[in-house]
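As structure tokens, the structure follows; a few thoughts come after it.
Since the structure is predicted, the reported quantities are computational estimates derived from the model, not experimental observations. A note on names: the letters A, B, ... follow the listed sequences, proteins ahead of strands, and every chain is numbered from 1.
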There are 2 protein chains.
Amino acid sequence: MDEPRWLDEQEDRAWRGYRRMRRLLDLELARELMQDAGLSEPDYDVLSDLSETPEQRLRLSELADRMLWSRSRLSHHISRMQQRGLVTREECATDGRGSVVTLTPAGRQAVEAAAPGHVAAVRRHLIDLLTPAELAALGTLSHRVVDHLTGRPTGRPEAKD
Amino acid sequence: MDEPRWLDEQEDRAWRGYRRMRRLLDLELARELMQDAGLSEPDYDVLSDLSETPEQRLRLSELADRMLWSRSRLSHHISRMQQRGLVTREECATDGRGSVVTLTPAGRQAVEAAAPGHVAAVRRHLIDLLTPAELAALGTLSHRVVDHLTGRPTGRPEAKD
DNA sequence: TCTAGCTTGATGACATGTCAACCAAACTGC
DNA sequence: GCAGTTTGGTTGACATGTCATCAAGCTAGA
């Protein structure tokens, strides 16, 4: 590592652009979501993931895994959402330790109310700005990066590919 | 907005992929950076931005703008970094209200020590996984999105383009 | 069956980020 | 000069996320 390979101009442009986009897109989407629907992005993600399941309910750990959140974070967050009446926490029938998070009618209503506007915002600020080729590239590249990051359990084994 | 245009399969794939990549990449880069250099990503970004200036010093507001941070956030963060001896806060000579953030020798040393490993991680987990075409697409697309988001001062005027 | 060890989830202490209130310096126009 | 406003930055209260720890419940091997 004596002679690090710094990023060339093209690479630097992509990396900086990515980070800036990341930040700005996040701010704007969060802002609009809060303003229009009174939900934070984490709220929306929880509700959205729950509403995509057939029973509108998931084990806490299952939900945490899908969202790539720690259990602790989800537990805290569910407590807050529970207080607002968006979800409920129930005991799991098959595992005495477990708890099951369920969408309440109010929760379901909240996502359904929020979704059209949120999707429109995602389109307006990202999707509809891309050419078909860019859209395809983004899909392909992001999945490759995800696979790479999830493929190696943990740590940084010397790349052997 | 009665009939929202949901994302089609291609779009959904890109959007989900993007978010998943975003999250995983962030976690991994932050993890490595902390482990290898004892810095959080925000720490690194502050130090990195400062070290890119000729004088290793910036007005607080200037730095905040570059980083897309609120002044309040930066002020808090600088206080913490100051305590750790990475930066100092000085009064601005030309504007009695202002403060200037300066990299300390320890701060400079910290970035320089961290940079090679961090760049290597960015390569390993992102840049080097992309084809030249994908790299170019990412650069182009992200800058377009950034321009779009910064072009409109605030709010959501009906798109007129 | 008993038990050691793992898993699940909750919790409290702490780090970090946000928001609004505030202060002081610096413009602005009279 | 100097009221009124704007700007730059700080601060404290609060929201959120992380980490370590704990209790309870599973699971598997002796």
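For S75(A) and dA10(C), the shortest distance from a side-chain N or O to OP1 or OP2 is below 4.0 Å. At least one side-chain nitrogen or oxygen of S99(B) sits closer than 4.0 Å to the OP1 or OP2 atom of dT10(D).
Among residue pairs with one or both ends in residues 17-45 of chain A, those qualifying as ring-ring contact (aromatic ring centres under 6.0 Å, His included) are W15(A)-Y18(A), Y44(A)-H118(A); sequence neighbours excluded.
More than 12 heavy atoms of other residues, nucleotides or ligands lie within 6.0 Å of CD in E52(A), so this atom counts as buried by the packing criterion.
Here D45(B) pairs with R19(A) under the side-chain hydrogen bond (donor to acceptor under 3.5 Å, both in side chains) rule; sequence neighbours left out. By the side-chain hydrogen bond (donor to acceptor under 3.5 Å, both in side chains) test, R20(A) pairs with no residue at all, sequence neighbours left out. Residues passing the side-chain hydrogen bond (donor to acceptor under 3.5 Å, both in side chains) test with E112(A), sequence neighbours excluded: R108(A). For S40(A), the side-chain hydrogen bond (donor to acceptor under 3.5 Å, both in side chains) test picks out D43(A), with sequence neighbours left out. Scored by the salt bridge (Lys or Arg N to Asp or Glu O under 4.0 Å) test, R23(B) finds no partners at all (sequence neighbours excluded).
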Fill in the blank from the handout: Contact string for nucleotides 14-26 of chain C, one letter per nucleotide 5' to 3', B = base within protein heavy-atom range under 4.0 Å, S = sugar-phosphate only, - = neither, reads --SSBBB----BS
Below 3.5 Å, can you tabulate the donor-acceptor pairs from side chains in residues 66-73 of chain A to any protein atom, sequence neighbours excluded?
unit_1: R66(A); atom_1: NE; unit_2: E62(A); atom_2: OE2; d: 2.9
unit_1: R66(A); atom_1: NH2; unit_2: E62(A); atom_2: OE2; d: 3.4
unit_1: S70(A); atom_1: OG; unit_2: R73(A); atom_2: N; d: 2.9

Quick one: side chains of residues 100-107 of chain B, donor-acceptor pairs under 3.5 Å with protein atoms, not counting sequence neighbours, listed by atom name and distance.
unit_1: T104(B); atom_1: OG1; unit_2: G85(B); atom_2: O; d: 2.7
unit_1: T104(B); atom_1: OG1; unit_2: L86(B); atom_2: O; d: 3.0
unit_1: T104(B); atom_1: OG1; unit_2: A106(B); atom_2: N; d: 3.4
unit_1: T104(B); atom_1: OG1; unit_2: G107(B); atom_2: N; d: 2.9

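Following rounding to the nearest Å, L74(B) (CG) and dG8(D) (C1') show an atom-to-atom distance of 12 Å. One can place CE of M34(B) at 12 Å from C1' of dC19(D), the figure rounded to the nearest angstrom. As rounded to whole Å, 13 Å separates atom P of dA10(C) from atom CD of E90(A). Put simply, CZ on R89(B) is 16 Å from P on dG8(D), counting in whole angstrom units.
Rounded to 10 degrees, the angle between the two end axes of the helix from dT1(C)-dA30(D) to dC30(C)-dG1(D) is 20°, with five pairs used at each end.
Of the residues in residues 49-64 of chain B, those placing a heavy atom less than 4.0 Å from an atom of DNA chain D are R59(B), L60(B), S61(B), in numerical order.
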Distances for protein N/O vs nucleotides 1-5 of chain D N/O pairs under 3.5 angstrom?
none

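Under the 3.5 Å distance criterion, with hydrogens and angles disregarded, no donor-acceptor pair is assigned to the side chains of S142(A) and R22(B).
In terms of heavy-atom proximity, R97(A) sits nearest to D95(A) at NH2-OD2, 2.7 Å. Nearest approach of T150(B) to L24(A), heavy atoms of both residues: CG2-CD1, 3.7 Å.
For S79(B) (side chain) and S75(B) (main-chain N/O), a donor-acceptor pair under 3.5 Å exists by modelled atom type.
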